[in-house]
Protein chains: 2
Amino acid sequence: MSISSRFSVGIHILSLIELNKNTVNTSESIAESVNTNAAVIRKIMGMLKKADLITVQPGVAGIQFARDYADITLLDVYHAVHVVKDNELFSVHNNPNPNCIVGQNIQGSVEHYFHRAQQAMEDELKTMTIKDVINDIRKDVHS
Amino acid sequence: MSISSRFSVGIHILSLIELNKNTVNTSESIAESVNTNAAVIRKIMGMLKKADLITVQPGVAGIQFARDYADITLLDVYHAVHVVKDNELFSVHNNPNPNCIVGQNIQGSVEHYFHRAQQAMEDELKTMTIKDVINDIRKDVHS
DNA sequence: CAACTTGTAATCATTATCATTACATGTATT
DNA sequence: AATACATGTAATGATAATGATTACAAGTTG
């Protein structure tokens, strides 16, 4: 199991806006950098737009940040691209036997712990921003 | 995307050992409690055995803890059932364009943040034990 | 040997992902 | 208005993982 690469592609797209700000980024040019199909990029762009992270206009080339990229956390992107449903990072087996003590009560307990683990991960994502990623890349380029 | 329910089933199996300790647990009886097929249970039992969490003998009905269940963390189970490969909770898009500044450097940066997020989740799982789950279920039963 | 268990491989339906193609729709320029 | 080029979006297909199921080999006990 792995969380969809839509997440890393979303981060890639957002980083490009700043790092390629001297040129106009089209879904086609972004697709070349990411090395995928332009339709895939457009779909993800649509998700980023819906989450108010970017602005894009139908028919007009170019993407802009909808807000300061220092304030866009990786958690924002993660939510935007719908890679994990709310509280469903871990799946719990369905319909355990109601005639069994354990079957009857295990779901509530397990869900509670799974929720805590998922929360820890998401809290960590909240501490990282697109600006951090951009800075990393700039540092790599100049070293 | 969701992490396989093998994880929650593994926890269920382990809890049953203690909560049903007065009876002999066979893959068949466990399958009834979990509400799945016995072969599925046997496969997961095999994983738990390989990870030295339980002892099982071919041909002999019954499972035992291989060590104190107060010392078996949910992280142990998570690793045992192979639901997430090492450092691959998040997948990163492959082969970004090497002719692009961002494409060339983004993987390293993103992988670093993804690793941190995964680590936070696994660290949290490490704080939870099978004993905690068993206690929860016992409490539910008596309330 | 007979009955029962675990161990394990093969098959199948279902689901998600990602790449691709195609086309509708929107915008700008001439 | 016509052309060129962009985004938006639906449909299709290959690939992979999951979980249920069946079947059977191999181990154990009485």
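Per chain, numbering begins at 1; letters A, B, ... match sequence-line order.
Side chains of B:Ser33 and B:Leu16 form a contact here, defined as non-hydrogen atoms less than 4.5 Å apart. Contact of the A:Arg138 side chain with the A:Glu18 side chain is registered, since non-hydrogen atoms from C-beta on lie closer than 4.5 Å. Here the side chains of B:His93 and A:Thr36 are not in contact, with every heavy-atom distance at 4.5 Å or above. Within the 4.5 Å cutoff, the side chain of A:Thr73 has no heavy atoms near those of the A:Ile130 side chain.
Set against C:dT17, D:dG8, C:dT27, the side chain of A:Ser4 has C:dT17 as its closest nucleotide. Residue B:Ser91 has its side chain nearest to C:dC18 when only C:dG7, C:dC18, D:dG8 are considered. The side chain of B:Asn37 has D:dT22 as its nearest neighbour among C:dC18, D:dA23, D:dT22. Here D:dA20 is the nucleotide among D:dT7, D:dA20, D:dT18 with the atom lying nearest to any side-chain atom of B:Thr36. Set against D:dT18, C:dC18, D:dG27, the side chain of A:Arg6 has C:dC18 as its closest nucleotide.
Between A:Gly46 and B:Lys85, it is A:Gly46 whose nearest contact on DNA chain D lies nearer the 5' terminus. Nearer to the 5' terminus of DNA chain C, by closest-nucleotide assignment, is the contact made by B:Met45 (compared with the other of B:Met45 and A:Ser2). Along DNA chain C, the nucleotide nearest B:Glu28 and the nucleotide nearest A:Gly59 are compared for position; the residue whose nucleotide lies closer to the 5' end is B:Glu28.
B:Val40 comes within 4.0 angstrom of a nucleotide base, judged by non-hydrogen atoms across all strands. Here A:Lys50 lies out of heavy-atom contact (under 4.0 Å) with every strand. Residue B:Ala39 is classed as a base contact, given a heavy-atom separation below 4.0 Å to a base.
The CD1-C1' distance, from A:Ile3 to D:dA17, rounds to 15 Å in whole Å. Per the geometry, CZ belonging to A:Phe7 stands 18 Å off C1' belonging to C:dC18, to the nearest Å. Look at NZ on A:Lys49: it is 12 Å from C1' on D:dT9, rounded to the nearest Å. Taking atom CE of B:Met47 as the reference point, atom P of C:dT6 lies 17 Å away to the nearest angstrom. Between A:Arg42 atom CZ and C:dT21 atom C1' there is a gap of 11 Å when expressed in whole angstrom units. Distance CG (B:Asn35) to C1' (D:dG19): 12 Å, rounded to an integer number of Å. For the pair A:Ile41 CD1 and C:dT20 C1', the computed distance is 14 Å after rounding to whole Å. Look at NZ on B:Lys43: it is 17 Å from C1' on D:dC24, rounded to the nearest Å.
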Quick one: side chains of residues 77-85 of chain B, donor-acceptor pairs under 3.5 Å with protein atoms, not counting sequence neighbours, listed by atom name and distance.
residue: B:Tyr78; atom: OH; partner: B:Glu122; partner atom: OE2; Å: 2.7
residue: B:His79; atom: ND1; partner: B:Leu75; partner atom: O; Å: 3.4
residue: B:His82; atom: ND1; partner: B:Ala80; partner atom: O; Å: 3.3

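Considering only side-chain N and O atoms, B:Thr26 lies nowhere under 4.0 angstrom from the phosphate OP1 or OP2 of C:dT6.
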